[in-house]
Amino acid sequence: MPIHNMEIADQFNRLADLLELEGANPFRVRAYRNAARTVGGLPQSVTDMLKRGKPLTDLPGIGEDLAGKIAAVCKTGHLPLLEEIEKRLPPALTELMQIEGLGPKRVKALHRQLKIESLKDLERAARSGRIAELKGFGPKTQAAILERLGRHTGQVHRVRLADAEQIVKPLLEHLSAAPGMEEVVVAGSFRRRMETVGDIDILAITARAAAAMDRFVSYEDVVEVSSQGETRASVRLRSGLNVDLRVVPRSSYGAALYYFTGSKAHSIAVRRIAIKKGYKVNEYGIYRGSRRVGGRTEAEIFDRLGLSFIPPELRENRGEIEAAQEGRLPVLITLDDIRGDLHCHTKATDGHDTLQAMAEAARSRGYEYMAITDHSRHVAMAHGLDRKRLLQQIRAIDRLNEKLDGFVVLKAIELDILADGSLDLPDDVLKELDLTVCSVHYKFDLPRRQQTERILRAMNHRYFSILGHATGRLINEREGYEVDLERILEEAAKTGCIIELNAQPTRLDISDVYCKLAKELGVKIAISTDSHTTDNLDFMRFGVDQARRGWLEAGDVVNTRRLPELRKLLRRA
DNA sequence: GCCGTTTTCGGCCCGACTGTTTTCAGTCG
């Protein structure tokens with residue numbers, strides 16, 4: 001049973017928590033957290049890296065010691081240092097640190113002085129009033145602990161980006177109406193266009209900070225004001241989402257936007273460069289000594305530090321800073337680069353709109369082509385097309401194309417990859433199509449090796465064009481099936497198969513790190529909406545966001561091409 | 001624990017807010 005990256009990351013994070021409780025060197029703690037983040041975000045499994053003899057010390061923030069520990073976990077499943085510390089400290093103490101407002105120092109004090117080892121202990125102590133008596137604690141802290149305990153579910157909840165957008169939009173409108181408000185923007189992971197966000201960071205430019213604060217905390221969806229100062233406030237919304245507002249003057253706009261966009265790892269790395277160059281960067285500006293030398297725009301900061309402008313989507317400290325130093329940042333794809341959509345359904349299966357309506361909707365978005373990819377027969381739930389109905393649809397598309405001027409509907413299908421890796425319809429009908437999107441819809445529970453072989457076998461079929469939603473995950477709803485995506489991408493590089501980036505906000509499949517790996521391997525990506533209504537075509541922008549996070553340029557994406565060029569890419573040797 | 005245009009030791013990002021204090025530690029982002 002190979003150890004997954006996430007398991008290693010979990011062990012390191014737990015170790016970091018416990019070390020922090022023990023009062024270890026905070027930079028040592030950070031090293032473990034960084035390692036957890038690095039390993040957790042890798043597109044390939046470290047088990048495989050080790051097998052292939054790739055040195056783990058090549059990974060940023062992984063030195064000899066951590067490389068050895070990672071290798072040990074891969075080999076044995078155990079991290080001896082973690083187990084050693086768990087003998088000294090109750091492992092459940094790390095749960096206490098999940099409670100907002102409880103950090104290592106307070107948890108340590110609660111453990112030492114009140115023998116609190118679990119959430120249950122914590123609740124009992126708070127109810128009995130013993131916490132308020134501790135030095136450094138008080139009645140307010142005790143009440144806050146009780147209140148947050150009641151809300152604690154044990155899991156961090158992240159909201160899908162598209163859902164966050166719907167929550168944020170009316171709030172921005174509300175804030176914009178504050179007297180003296182000059183500008184309101186969202187920073188944080190929302191601006192970096194992460195597939196999910198944990199909270200919302202809003203930046204407001206105004207000379208009247210107090211008015212902005214008042215307007216913010218009085219928003220109708222606010223259920224709790226967690227903190228409120230002169231320039232900063234935090235609230236919790238009815239939806240459960242936390243929102244931070246930060247007010248800055250116009251002159252600090254760029255510095256503040258940069259700082260609050262993050263990511264944290266990116267900010268730390270850039271500030272380190274700033275220090276080396278004799279600067280200090282904070283949310284008010286960039287300074288040489290006590291003299292402020294910039295910060296009105298983000299560009300001023302990048303310029304000072306000798307970096308080219310790094311788009312927010314890349315700010316994850318995954319190589320973008322080095323690329324910016326060397327002037328080799330990618331020119332990221334934009335929505336305007338997209339010329340068509342290659343995965344769309346109609347009423348013929350589980351879509352809601354007609355062939356013609358879909359075509360017109362695509363055309364009205366400025367596209368030059370779209371592929372109609374209804375389901376194949378095996379997806380019975382969606383009344384998948386059999387040979388006869390597919391041929392009917394092909395003829396209907398031919399008739400429609402005769403009427404359309406300057407727009408082409410491509411004949412295609414979303415073809416089920418059967419459990420043995422064969423495709424759901426015979427070659428004699430597939431050969432009539434312009435392309436196929438081949439996807440897994442059943443048998444999610446195959447063992448990883450078998451699932452991978454299933455897809456690899458399908459990919460070697462002569463009429464296989466694009467692999468649809470490659471992992472089958474639904475964000476916040478279900479994990480994808482177990483599959484070796486790195487091997488699939490390597491095979492795609494060999495065979496010329498295209499990999500889909502499914503733009504449905506609940507899918508965004510494949511993820512950003514796999515987009516980057518695909519690019520590095522030379523694999524072409526199709527960003528497709530998997531539309532089931534005409535409105536769904538607008539999901540393209542979420543796909544483009546994800547592609548940008550994955551470093552993709554227009555040239556990496558097939559549906560940025562004009563039709564003749566696309567056809568060439570689809571024609572396989 | 002990592003890392004090197006401060007280079008193998010001695011640094012490691014930086015400020016706001018809260019609740020507890022009587023000048024600040026702890027937490028958070």
Side-chain angles (χ1 to χ4, degrees), chain A residues 12 15-16 19-21 23-38 56-70 81 96-110 131-145 148 187-190 197-203 209 213 217 225-235 242-248 252 255-256 258-287 295 301 305-306 317 325:
Chain A
F12 279 1
L15 178 55
L19 282 171
E20 210 172 13
L21 281 167
N25 178 342
F27 298 102
R28 184 178 171 216
V29 174
R30 184 199 281 173
Y32 280 109
R33 294 232 164 89
N34 281 342
R37 189 182 155 279
T38 299
L56 299 179
T57 47
D58 285 354
L59 298 171
I62 308 289
E64 289 298 329
D65 181 273
L66 280 167
K69 287 191 168 87
I70 293 169
L81 179 59
L96 301 184
M97 288 208 289
Q98 307 299 319
I99 304 292
E100 200 187 325
L102 289 189
K105 300 271 171 62
R106 284 179 177 158
V107 168
K108 194 170 161 188
L110 291 166
I131 289 179
E133 293 163 9
L134 292 185
K135 186 162 190 270
F137 292 75
K140 283 199 175 177
T141 306
Q142 177 171 275
I145 287 173
R148 283 158 188 166
S189 49
F190 187 95
V197 300
D199 62 10
I200 300 288
D201 300 289
I202 299 178
L203 198 61
M213 288 297 165
V217 300
V225 179
S226 329
S227 73
Q228 184 181 359
E230 283 175 28
T231 64
R232 182 174 193 154
S234 297
V235 301
N242 285 309
V243 185
D244 290 345
L245 176 70
R246 187 65 192 263
V247 177
V248 294
S252 294
Y258 189 41
Y259 179 61
F260 288 104
T261 296
S263 66
K264 191 171 176 170
H266 173 93
S267 294
I268 289 175
V270 167
R271 284 176 185 215
R272 185 176 307 192
I273 289 173
I275 290 170
K276 275 184 198 150
K277 289 182 177 280
Y279 292 105
K280 183 181 78 167
V281 176
N282 62 24
E283 59 260 58
Y284 298 108
I286 178 164
Y287 298 81
I301 298 170
L305 299 180
N317 197 20
Q325 284 175 319

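When reading the values below, keep in mind they use all heavy atoms of this one structure, side chains included, and skip hydrogens, waters and symmetry mates. In what follows, chains are A, B, ... by sequence order, proteins preceding strands, each numbered from 1.
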> Can you tell me how far C1' in B/dT8 sits from the matching atom in B/dC2, rounded to whole Å?
Replying inline: 12 Å
> Which residues satisfy the side chain to side chain contact (heavy atoms under 4.5 Å, CB included) test with A/Ala109, sequence neighbours excluded?
Replying inline: A/Gln113, A/Phe137
> Atom CD of A/Glu64 and atom P of B/dT8: how far apart are they, to the nearest Å?
Replying inline: 18 Å
> Rounding to the closest angstrom, what is the interatomic distance between B/dT6 and B/dC14 at atom P?
Replying inline: 15 Å
>> Please report the distance separating the C1' of B/dG10 from the corresponding atom of B/dT20, rounded so that it comes out in whole Å.
In response: 34 Å
>> Distance check needed: B/dC2 P versus A/Arg33 CZ, whole Å only.
In response: 16 Å
Expected rows: protein N/O vs nucleotides 15-19 of chain B N/O, under 3.5 Å:
unit_1	atom_1	unit_2	atom_2	d
B/dG15	OP1	A/Lys280	NZ	3.0
B/dG15	OP1	A/Asn282	ND2	3.1
B/dA16	OP1	A/Tyr284	OH	2.7
B/dC17	OP1	A/Glu230	N	3.2
B/dC17	OP1	A/Thr231	N	3.0
B/dC17	OP1	A/Thr231	OG1	3.4
B/dC17	OP1	A/Arg232	N	2.7
B/dC17	OP1	A/Arg232	O	3.3
B/dT18	OP1	A/Gln228	N	2.5
B/dT18	OP1	A/Gln228	O	3.2
B/dT18	OP2	A/Gln228	O	3.4
B/dG19	O3'	A/Thr141	OG1	3.1

> What's the CG-P distance between A/Leu59 and B/dC3, to the nearest Å?
Replying inline: 10 Å
> Could you give the CD1-to-P distance, from A/Ile99 to B/dC28, as a whole number of Å?
Replying inline: 10 Å
>> Counting distance alone, no hydrogens or angles: does the base of B/dG29 have a donor or acceptor under 3.5 Å from a partner atom on the side chain of A/Asp199?
In response: no
> What pairs with A/Ala35 under side chain to side chain contact (heavy atoms under 4.5 Å, CB included), at least two apart in sequence or on another chain?
Replying inline: A/Phe12, A/Ile62, A/Leu66
> Hey, does A/Lys264 reach any base, or is it just sugar-phosphate, or nothing, if we go heavy atoms under 4.0 Å?
Replying inline: base
>> Among residues at least two apart in sequence or on other chains, which ones pass side-chain hydrogen bond (donor to acceptor under 3.5 Å, both in side chains) with A/Tyr259?
In response: none
> Mind checking the C1' distance from B/dG29 to B/dC13? Whole angstroms is fine.
Replying inline: 12 Å
> Taking NZ from A/Lys105 and C1' from B/dC24, how many angstroms apart are they, rounded to a whole number?
Replying inline: 12 Å
>> Any base atoms under 4.0 Å from A/Lys69, or only sugar-phosphate, or nothing? Heavy atoms, all strands.
In response: sugar-phosphate
> If you count the non-hydrogen atoms of other residues, nucleotides and ligands that lie under 6.0 Å from CD in A/Gln325, is the total more than 12?
Replying inline: yes
> Looking at residues at least two apart in the chain, or sitting in another chain, which of them share a side chain to side chain contact (heavy atoms under 4.5 Å, CB included) with A/Ser226?
Replying inline: A/Glu224, A/Ser234
>> Between B/dG26 and B/dT21, how many Å separate the two C1' atoms, rounded to a whole number?
In response: 12 Å
>> If you assign A/Val281 and A/Asn242 each to the DNA chain B nucleotide with the nearest heavy atom, which residue ends up on the more 5' nucleotide?
In response: A/Val281
> If each of A/Gln142 and A/Pro104 is mapped to the nucleotide of DNA chain B with the nearest heavy atom, which maps nearer the 5' terminus, i.e. the 5' end?
Replying inline: A/Gln142
> In whole Å, what separates the C1' atom of B/dC12 from that of B/dT18?
Replying inline: 27 Å
> B/dT27 pairs with which nucleotide, Watson-Crick or G-U wobble, both distances below 3.5 Å?
Replying inline: B/dA16
> With distance as the sole test, does A/Ser252 use its side chain to make a donor-acceptor pair with the main-chain N or O of A/Ala255 at under 3.5 Å?
Replying inline: no
> Starting at CZ of A/Phe190 and ending at P of B/dG29, how long is that distance when rounded to a whole Å?
Replying inline: 18 Å
>> Going by side chain to side chain contact (heavy atoms under 4.5 Å, CB included), name the residues that satisfy it together with A/Ala31, two or more places apart in sequence or in a different chain.
In response: none
> Are OP1 or OP2 of B/dC13 and a side-chain N or O of A/Arg30 less than 4.0 angstrom apart?
Replying inline: yes
> In whole angstroms, how far is the P atom of B/dG26 from the CG atom of A/Leu134?
Replying inline: 13 Å
> Counting any heavy atom closer than 4.0 Å, what does A/Val29 reach on the DNA or RNA strands: base, sugar-phosphate only, or nothing?
Replying inline: nothing
> Between atom OG1 of A/Thr231 and atom CD of A/Glu283, what is the distance when rounded to the nearest 0.5 Å?
Replying inline: 8.0 Å
>> Between P on B/dT27 and CD on A/Glu100, what's the gap in Å once rounded to a whole number?
In response: 13 Å
>> Classify A/Asn25 by what it touches in the nucleic acid, base, sugar-phosphate, or nothing, heavy-atom distance under 4.0 Å.
In response: base
